[in-house]
Amino acid sequence: MGCPVSRTRKRQPDLLRDLDYLLENLCVEWGFCTHLTGKDLMPSGAGTSLTASEFARAVLRAENMSSDEENWAQRIEGRFVARFGASVSLESYAQTSGETD
């Protein structure tokens, strides 16, 4: 099934690009080629964050799938959590971006 994206893979220079990287991986791995971008998904404003659940729901919506698709939602959330934890913000990403390089 290929190599999943995780915290151990080198992070991108900024959060928006790293979200793009995860979205590209979902496209290659599972066919979720949504045309979403990190910029589309990341709320603007200081202190805002994106949760694994919000990320999964956005991907499923972009694929015209119900967020009730529990199996896919859990799998997508798992990829997000492996990469970022339960949630990520611009601030938290900046603080941890050097940890896996």
Side-chain angles (χ1 to χ4, degrees):
M1 189 201 267
C3 183
V5 173
S6 70
R7 283 187 186 259
T8 60
R9 308 252 349 226
K10 186 172 180 173
R11 287 190 167 197
Q12 301 300 306
D14 63 66
L15 175 57
L16 299 181
R17 287 177 58 186
D18 213 7
L19 286 166
D20 289 342
Y21 180 76
L22 178 55
L23 289 164
E24 289 171 18
N25 185 264
L26 293 178
C27 178
V28 171
E29 293 277 324
W30 296 332
F32 289 111
C33 302
T34 65
H35 304 291
L36 289 173
T37 67
K39 187 175 181 178
D40 297 331
L41 295 170
M42 194 63 222
S44 60
T48 59
S49 62
L50 177 67
T51 68
S53 178
E54 292 166 340
F55 177 82
R57 284 194 312 264
V59 170
L60 292 174
R61 264 193 317 270
E63 288 288 323
N64 295 315
M65 296 173 72
S66 167
S67 60
D68 294 332
E69 298 274 350
E70 193 62 33
N71 181 45
W72 278 117
Q74 288 178 350
R75 292 175 76 180
I76 295 167
E77 285 178 31
R79 289 290 174 95
F80 182 96
V81 169
R83 187 82 178 162
F84 302 112
S87 67
V88 67
S89 68
L90 293 171
E91 293 81 9
S92 67
Y93 187 85
Q95 292 171 359
T96 61
S97 63
E99 290 180 2
T100 59
D101 290 349

Legend entry - From CD (Glu24) to CZ (Arg17), nearest 0.5 Å: 10.5 Å

Legend entry - Approximate separation, where rounding is to 0.5 Å, of Leu16 CG and Met42 CE: 7.5 Å

Inset, instruction - Can you see which heavy atom on Ala56 is nearest to which on Ala73, and at what distance? - result: CB-O, 3.7 Å

Inset, instruction - Drop me the distance from Tyr21's OH to Arg83's CZ, to the nearest 0.5 angstrom. - result: 6.0 Å

Inset, instruction - Over all heavy atoms of both residues, which pair between Tyr93 and Asp14 is shortest? Give the atoms and the distance, please. - result: CE2-C, 3.4 Å

Legend entry - Point-to-point distance, once rounded to the nearest 0.5 Å, from CZ of Phe84 to CG of Leu19: 4.5 Å

Inset, instruction - Output all residues satisfying ring pair (Phe, Tyr, Trp, His ring centres under 6.0 Å) with Phe55, sequence neighbours left out; order by chain, then residue number. - result: Phe80

Legend entry - Sequence-distant partners of Glu63, side chain to side chain contact (heavy atoms under 4.5 Å, CB included), two or more places apart: Phe32, Thr34, Met65

Legend entry - Results of side-chain hydrogen bond (donor to acceptor under 3.5 Å, both in side chains) for Thr37 - residues two or more places apart only: Asp40

Inset, instruction - Could you grab the distance from atom CG of Asp18 to atom CG of Leu23, nearest 0.5 Å is fine? - result: 10.5 Å

Inset, instruction - Could you tell me which residues satisfy side chain to side chain contact (heavy atoms under 4.5 Å, CB included) with Glu54, sequence neighbours excluded, listed by chain and number? - result: Leu50, Thr51, Arg57

Inset, instruction - With rounding to the nearest 0.5 Å, note down the distance linking CG in Leu22 to CG in Leu36. - result: 11.0 Å

